[in-house]
Every structure is written in structure tokens, then in C-alpha cells.
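Worksheet: one structure, shown below.
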Amino acid sequence: ATKDELKIKKQIEKIGTPLKEWDIKINYGIKTGFNEAFIIDGKAKDELIAKDKKSAEIIKPLLNGRDVKKYTYKWKNHWLIFLRSQDNIEYYPAIKEHMNKYKIKLEKRSSFKKWYSIQGELKEETYQNLEKEKIILMELSDAQTFTLDRNNFYVNKTLYFINGKNLKYLLSILNSTIIFFFYNKIKTSSGVGTTMWQKINMEKLPIPQIPKEQQKPFEILVDYILFAKEQKMNMESSLFESIINGMVYDLYFENEMKKDDCFISDEVTNVIKEFDGSLDMIKEMYKIFKNNKTIQRGLIYRRVISVVKIIEGVNR
């Protein structure tokens, strides 16, 4: 890092509190040891349940690494046969018939408790957390892939998931340009040129601890973005992300942003409206933000502020 980059890194550390000190837990996804047996498509899932209704008890919707992007994911109708050593496979005859086809290969895995159980068994609390609201992200990615899951998806070993409090606020900061800059100073390479988003490094990310009321605009903007992404409203989601980025700059570099009259957080707080879940509101807020001179000036002219130019890699 250059001298200026190190100065910026220190300022980010000064303002933020390491993620490990927040009321959250970071866990990796489920390792089966033999995906061919445990991961099935929707058709196979329906067939197993048709043969035996009890099969539905241990078949869970699954997200894989490539399903997840920044603020969004695309589920590909994959399902996990969630068999643990505590489960009695005799209770699930259709599942047993399916697993028997792979028994010889399953027994050759390096680690398992019973031939039909998943390989990496985690704590019961960790499994319970899969069925709660959570942030999920890819382990190997050169871009930020933090998004919010409110549909109780299970995740495989190529994903991490984060449970706890203040998730939408944390999501907005974790997907910001500043955090991407910071992580690139502490990241670990996979050995093939891809960034590894590891727990040990993510726990170091400095996130500003602000009052719950001050978090509210960030949370509402996240609601806007998640909805806009689902509806493929690219212009709208892009503007909302840019506004979050501006507000994150305000958190870490308040003096610099105010000095150049690019501080937008107060104005955003004044005009933002609680999301009502409608397409019309997204369109309305897009127009409001687009026509607000204070917000637009901050978004446009922040590009010439030295700290922003360094963080975003703009050399002019």
C-alpha cells in the first residue's frame, strides 16, 4: 500500500469496530463429502416425497456459491438431503433407497459418522441458524457478494452465512466501496488469483457502530435495493447503492465530505420513506433522489475528493 492508502486504512480502522466484536456469528456452509448423493434437483425431490411423505422432513432448499451475487441470489431449484448421524435412515425408506445407490462411494469419504450422514457435522445451533434471516456470501470471489436470505435456505461449503443483529445495516456497509478497499489490503489469495473471503479476515472489517435510529436509512435503502434487484430495476438499484456508498463515506470521512459539501446523510434521512413493498414506491424514491440537488451534488462531486479517488482507484 502507498502512504496515502495506509493513512486511509488507519482512518477506517479508527472509525469502525471490528466485525468480530459485533453481536453476530460467521459460519461456513455444509460439507457433504459427496454432493452427487446429497444434492438433488426439484424433480428428484418431488419423486422422493411422492414415494414417502416423510422425506420432506430432511430435504432442504439449497444455495450454491455461484447462485449468490451482490444484494441478490438466483436459486436453481437445488435441494439438500440433510441427513446427519443422529437421523435414523430406516425411518426414511425412499431416502435410504436413493442413498444406497451411492453407499460404496459414501463409505470411501475421509470423514463421516455414519455412511449416509453428511461429512462435516456442525453444532445444532449452527443448523438452527440456517433457518433464520442471514447474510450469505461466496467464499471465493473477486467482488462483494453479500446478500440477505429471508427464505431459510441451506448453503453449501462454498458459502459463508452470518447471523445476528443489525443485519441489514451490516449488509449495506459490507457491500460498500470502502469495505472492498479495506478488504483488499488484508485479503488472502486462493492461489489461483481469486480473493478468499475468509472468516479470519472478515472479522477484522471495521464497521461503524451507530445508534439504531441512525441505521434506519441504511436499512430502508437495503429494502429498496433487494426489491429493485428482484424486479431487475437496474437503474434504480444502482442509484440506491450509490447513495449507500455516499452515506458510508460520510461515516468514515465526515470532515472530508463536509469540507467539499458532499455530505448527503442528513438529506437522505430527511427525504427517505419507509418501504411499503410496492413497485410504485421504488419508482417514486428513484425520482426523489434523482431530482434532489443536495444528494446529486454529493454523488457527483465526491469523485474529485482525494480520499474517494484513492479508494475507488481514480487517477486524474
- Give me the other members of the hydrophobic cluster that Tyr301 sits in, counting Ile, Leu, Val, Met, Phe, Trp and Tyr linked by side-chain heavy atoms under 4.5 Å, directly or via other members. Ile300

Sequence neighbours excluded and cut-off under 3.5 Å, please list the side-chain donor-acceptor pairs for residues 201-211, or say none.
{"unit_1": "Asn201", "atom_1": "ND2", "unit_2": "Thr188", "atom_2": "OG1", "d": "3.0"}

Which pairs of donor and acceptor atoms, one on a side chain in residues 31-41, lie under 3.5 Å apart (sequence neighbours left out)?
{"unit_1": "Thr32", "atom_1": "OG1", "unit_2": "Phe34", "atom_2": "N", "d": "3.0"}
{"unit_1": "Thr32", "atom_1": "OG1", "unit_2": "Asn35", "atom_2": "N", "d": "3.3"}
{"unit_1": "Thr32", "atom_1": "OG1", "unit_2": "Asn35", "atom_2": "OD1", "d": "2.6"}
{"unit_1": "Asp41", "atom_1": "OD1", "unit_2": "Lys43", "atom_2": "N", "d": "3.3"}
{"unit_1": "Asp41", "atom_1": "OD1", "unit_2": "Ala44", "atom_2": "N", "d": "2.8"}

- Query: With no hydrogens and no angle check, is any side-chain donor or acceptor of Arg297 less than 3.5 Å from a backbone partner on Thr294?
  - Reply: no

- Message: Using the side chain to side chain donor-acceptor pair (under 3.5 Å) criterion, which residues pair with Glu230? Sequence neighbours excluded.
- Response: none

- Which residues pass the salt bridge (charged side-chain N to carboxylate O under 4.0 Å, His left out) test with Asp52, sequence neighbours left out? Lys54

- Message: Using side-chain heavy atoms (C-beta onward) and a distance below 4.5 Å, is Leu251 in contact with Phe218?
- Response: yes

- Got a sec: does the CD of Glu125 have more than 12 other heavy atoms crowding it under 6.0 Å? no

- Query: Taking only residues two or more places apart in sequence or in another chain, which ones pass side chain to side chain donor-acceptor pair (under 3.5 Å) with Glu256?
  - Reply: none

- Message: Do Met99 and Tyr92 make a side-chain contact, defined as non-hydrogen atoms from C-beta onward lying under 4.5 Å apart?
- Response: no

- Message: Please verify the inter-ring angle class for Phe180 with Trp197; under 30° counts as parallel, over 60° as perpendicular, anything in between as tilted.
- Response: parallel

- Item | Donor-acceptor under 3.5 Å (Asn292 side chain, Ile295 main chain) | yes

- Task: Flag yes if more than 12 heavy atoms outside Ile186 fall under 6.0 Å of its CD1 atom; otherwise flag no.
- Result: yes

- Task: Identify whether Trp75 and Tyr71 are in the same connected component of the hydrophobic contact network (ILVMFWY, side-chain heavy atoms under 4.5 Å).
- Result: yes

- For Lys96, what residues pass the side chain to side chain donor-acceptor pair (under 3.5 Å) criterion, not counting sequence neighbours? Glu90

- Hey, mind stepping through Met285 and Phe275 against side chain to side chain contact (heavy atoms under 4.5 Å, CB included) and telling me if it holds? CA-CA 10 Å; Met285 291 311 305; Phe275 185 45; over 6 Å; no

- Message: Using side-chain heavy atoms (C-beta onward) and a distance below 4.5 Å, is Leu299 in contact with Phe289?
- Response: no

- Message: Using only atom types and a distance under 3.5 Å, with no angle test, would you say the side chain of Tyr116 pairs donor to acceptor with the backbone of Asp87?
- Response: yes

- Report yes if the side chains of Thr158 and Met138 come closer than 4.5 Å at any heavy-atom pair, otherwise no. no

- Task: Please determine which of Lys76, His78, Lys157 meets the side chain to side chain donor-acceptor pair (under 3.5 Å) test together with Asn64.
- Result: His78

- Query: side chain to side chain donor-acceptor pair (under 3.5 Å) with Ser265: which residues, sequence neighbours excluded?
  - Reply: Asp250

- Less than 4.5 Å apart, any side-chain heavy atom of Leu226 and any of Leu148? yes

Pairs under 3.5 angstrom only: tabulate donor-acceptor contacts from the side chains of residues 10-24 to other protein residues two or more places apart or in another chain.
{"unit_1": "Gln11", "atom_1": "NE2", "unit_2": "Tyr252", "atom_2": "O", "d": "3.0"}
{"unit_1": "Glu13", "atom_1": "OE2", "unit_2": "Lys9", "atom_2": "NZ", "d": "2.9"}
{"unit_1": "Trp22", "atom_1": "NE1", "unit_2": "Thr17", "atom_2": "O", "d": "3.2"}

- Is there side-chain contact between Glu47 and His98, with at least one heavy-atom pair below 4.5 Å? no

- Message: Could you tell me if the side chain of Lys103 sits less than 4.5 Å from the side chain of Trp115, heavy atoms only?
- Response: yes

- Message: Could you check whether any side-chain heavy atom of Tyr286 comes within less than 4.5 Å of a side-chain heavy atom of Met235, counting everything from C-beta outward?
- Response: yes

- Task: Report the residues that fulfil salt bridge (charged side-chain N to carboxylate O under 4.0 Å, His left out) with Arg66, sequence neighbours left out, ordered by chain and then residue number.
- Result: none

- N/O donor-acceptor pair under 3.5 Å between Gln144 side chain and Ser176 backbone: yes

- Please name the residue in the list Asn163, Asn129, Asp149 that meets the side chain to side chain donor-acceptor pair (under 3.5 Å) test with Lys134. Asp149

- Message: According to salt bridge (charged side-chain N to carboxylate O under 4.0 Å, His left out), who are the partners of Lys229, at least two apart in sequence or on a separate chain?
- Response: Glu241

- Query: Would you say the side-chain atoms of Thr147 pair up with the backbone N or O of Thr72, donor to acceptor, closer than 3.5 Å?
  - Reply: yes

- Message: Salt bridge or not between Glu312 and Arg303? Use side-chain N to carboxylate O under 4.0 Å.
- Response: no

- Would you call the rings of Tyr249 and Phe253 parallel, tilted or perpendicular if under 30° counts as parallel and over 60° as perpendicular? tilted

- Message: Between Ser242 and Leu239 (side chain of the first, backbone of the second, donor and acceptor by atom type, cut-off under 3.5 Å), is there such a pair?
- Response: no

- For Thr126, check side chain to side chain contact (heavy atoms under 4.5 Å, CB included) against everything at least two apart and list the hits. Asn27, Leu122, Lys123, Phe161

